[in-house]
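Heads up: the structure comes next, in structure tokens.
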Amino acid sequence: MINAFASTLLKWYDTHKRELPWRNETDPYKIWISEIILQQTRVAQGWNYYLRFIERFPNLQTIYDAGEQEVLKYWQGLGYYTRARNIYAGAVYLIETCKGIFPNTYDEILKIKGVGSYTAAAIASFAFHLPYPVIDGNVLRVLSRSHGIYDPIDTALGKKKITALANKLISKTNPSIFNQAMMDFGAIQCTPQQLQCEHCYFSNSCYANLHCEQNTLPVKIHKTKTKNRFFFYLHIEKDNHIYLQKRIGKDIWKGLYEFPLWETEEHIAEKHLYNHPYLLSCFVDTDWKIKHISPVFKHVLTHQIISAVFIHIIITKPLHLPQTILIDKTDIVNYPVSRLMEKYLTEYL
DNA sequence: ATCCGGGCGC
DNA sequence: GCGCCCGGAT
């Protein structure tokens, strides 16, 4: 006995489903990788990352043997780099603690670092056909509209109500298809903007369509405050070698590499950089010359706006900068870097 | 130029 | 609850 919602959804899916590289995949390892990539990421953006990642790391052991830095390198540009570090940590855990066998219950899958309720439900249903509904942004949007749920979806209560509803609606005989259908429906038909209610399979049952509430549902509280940061990167060059440092601590881009960074409270105009006391203090024991100062690169993150200037400095004697490494500049390709660094390097290195 | 979407760890 | 990233749409 299947409910009307699931029945309509599966009918829609039959003729509208997307062909995706990880669709119909049965290997839990590959499902895990695809779902981590898809966290906070659109299909179009994750598509090639997935193919390249799986080609280089076809199984757990290849990740284990490669190490965190190479995993980060394959993640470069995708954002939310914690995901890549968690994949490495997860591979170590699965090999060392789980004997390389992917766990096959929801609760055990949930123990993998970086796997929360959404990803655990995805793996449990796709790989093991267990009846756990995935609750992602698509599902929250679709069900808040179809069933007229006004509790904000970015609160615990809103998520709890929709999770309870999804648990009732999910097909117990084919949870995998139900989950994939929900997400495709959200991504293709019941989109955040410019939705196509007139041709929708749910047009005569959907609460939002019947009450013209498409633009008010889902409700969100929306509260992100952004702060400005000012980065001055020291692109210091000596005989075709450059200095790099690894980002550590509780800040953005942890684990990625960048030029030695001078962060300030305020922007500093280009004309004041040439004899700035800070720069003078950096180069007391060597000849140095500013070869080029880049325009301001504006880089926008969720809650930070970074204004970055790259100062290209030529030196003649080596520096002894703490926490930095000196590499041949052509070796930069082996180091994971932020999109901001990548854009500068592409243009100016 | 700005807005928007998208799960997890702490 | 807050901080994490980027590209595409507007």
Side-chain angles (χ1 to χ4, degrees), chain A residues 32-49 72 74-90 93 109-124 132-142 144-145 152-160 162-163 166 179 182-184 186-188 190-195 215 217-229 231 247-256 258 295-308 336-343 346:
Chain A
W32 172 49
I33 297 299
S34 70
E35 289 304 333
I36 302 293
I37 288 175
L38 291 172
Q39 287 170 7
Q40 308 296 96
T41 304
R42 285 180 177 75
V43 163
Q45 200 195 347
W47 189 294
N48 283 97
Y49 277 90
L72 273 169
Y74 275 76
W75 211 265
Q76 178 175 311
L78 197 51
Y80 290 118
Y81 298 96
T82 299
R83 295 182 293 169
R85 298 197 305 274
N86 284 341
I87 282 181
Y88 176 69
Y93 166 76
I109 295 167
L110 200 52
K111 290 180 182 169
I112 302 165
K113 214 168 177 205
V115 173
S117 57
Y118 162 79
T119 308
I123 298 171
Y132 292 87
V134 292
I135 310 296
D136 73 341
N138 289 312
V139 175
L140 292 169
R141 184 173 62 252
V142 169
S144 78
R145 285 175 177 163
I153 60 168
D154 51 356
T155 63
L157 178 65
K159 288 192 181 85
K160 193 178 161 190
I162 291 179
T163 301
N179 279 338
M182 280 296 284
M183 291 192 290
D184 272 18
I188 296 169
C190 195
T191 49
Q193 271 109 33
Q194 294 171 331
L195 46 175
N215 294 322
L217 289 171
V219 176
K220 282 190 190 182
I221 290 178
H222 197 78
K223 49 186 184 243
T224 40
K225 56 167 189 254
T226 59
K227 69 172 177 185
N228 292 306
R229 297 178 75 175
F231 285 9
R247 287 190 70 90
I248 52 169
K250 283 178 61 172
D251 200 353
I252 57 171
W253 299 329
K254 192 167 126 193
L256 304 192
E258 64 189 5
V296 179
F297 283 66
K298 189 178 160 188
H299 195 80
V300 181
L301 286 67
T302 322
H303 57 290
Q304 304 187 22
I305 299 172
I306 296 167
S307 300
V337 298
S338 68
R339 207 80 175 87
L340 171 61
M341 277 287 292
E342 196 184 357
K343 281 175 179 163
T346 305

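Below, all heavy atoms of this structure are taken into account, side chains as well, without hydrogens, waters or symmetry copies. Chain letters run A, B, ... following the sequence lines, proteins first and then strands; every chain starts at 1.
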Q.
Counting only side-chain nitrogens and oxygens, does A/H299 get under 4.0 Å of the OP1 or OP2 atom of C/dC5?
A. no
Q. Within this structure, what is the OH-to-P distance between A/Y49 and C/dC5, rounded to whole angstrom?
A. 13 Å
(Q) Between A/R145 and A/L217 (side chain of the first, backbone of the second, donor and acceptor by atom type, cut-off under 3.5 Å), is there such a pair? (A) yes
Q. For A/V337 and A/A156, take the nucleotide of DNA chain C holding the closest heavy atom to each; which residue's nucleotide lies nearer the 5' end?
A. A/A156
Q: Could you tell me whether the side chain of A/R141 and the main chain of A/C190 form a donor-acceptor pair under 3.5 Å?
A: yes
Q.
Applying a 4.0 Å non-hydrogen cut-off, can you work out what A/K298 is touching in the nucleic acid: base, sugar-phosphate, or nothing?
A. sugar-phosphate
Q.
What is the separation between atom CG on A/N215 and atom P on B/dC4, rounded to the nearest whole Å?
A. 13 Å
Q. Base, sugar-phosphate, or nothing: which does A/I252 touch, judged by heavy atoms less than 4.0 Å apart?
A. sugar-phosphate
Q: Can you measure from CE (A/M341) to CD (A/E258) and round to the nearest 0.5 angstrom?
A: 7.0 Å
(Q) Tell me the interatomic distance from A/W253, atom CH2, to C/dC6, atom C1', rounded to whole angstroms. (A) 11 Å
**Q.** Protein-nucleotide distance (A/N48, atom CG; C/dG7, atom P), rounded to Å
**A.** 13 Å
Q.
Nearest whole Å is fine: how far is C/dG7 C1' from A/L340 CG?
A. 15 Å
Q | Distance in angstrom units between A/K343 NZ and C/dC6 C1', rounded | A | 8 Å
(Q) I'd like to know if the side chain of A/R83 and the backbone of A/I37 have a donor-acceptor N/O pair within less than 3.5 Å. (A) yes
(Q) Using 0.5 Å steps for rounding, measure from the CH2 atom of A/W75 to the OH atom of A/Y49. (A) 9.5 Å
Q) Going by atom types only, do A/T119 and A/Q39 share a side-chain donor-acceptor pair under 3.5 Å? A) yes
**Q.** Reported CG-to-OH distance for the pair A/N138 and A/Y118, which is rounded to 0.5 angstrom
**A.** 8.0 Å
**Q.** nucleotides 5-10 of chain B: protein proximity per nucleotide (B base, S sugar-phosphate only, - neither; heavy atom, under 4.0 Å)
**A.** BBBSSS
Q: Figure out the CZ/P separation between A/R247 and C/dG3, and round it to whole Å.
A: 16 Å
Q | C/dC6 OP1/OP2 closer than 4.0 Å to side-chain N/O of A/W75 | A | no
**Q.** Whole-Å distance separating the CG atom of A/L78 from the P atom of C/dG7
**A.** 9 Å
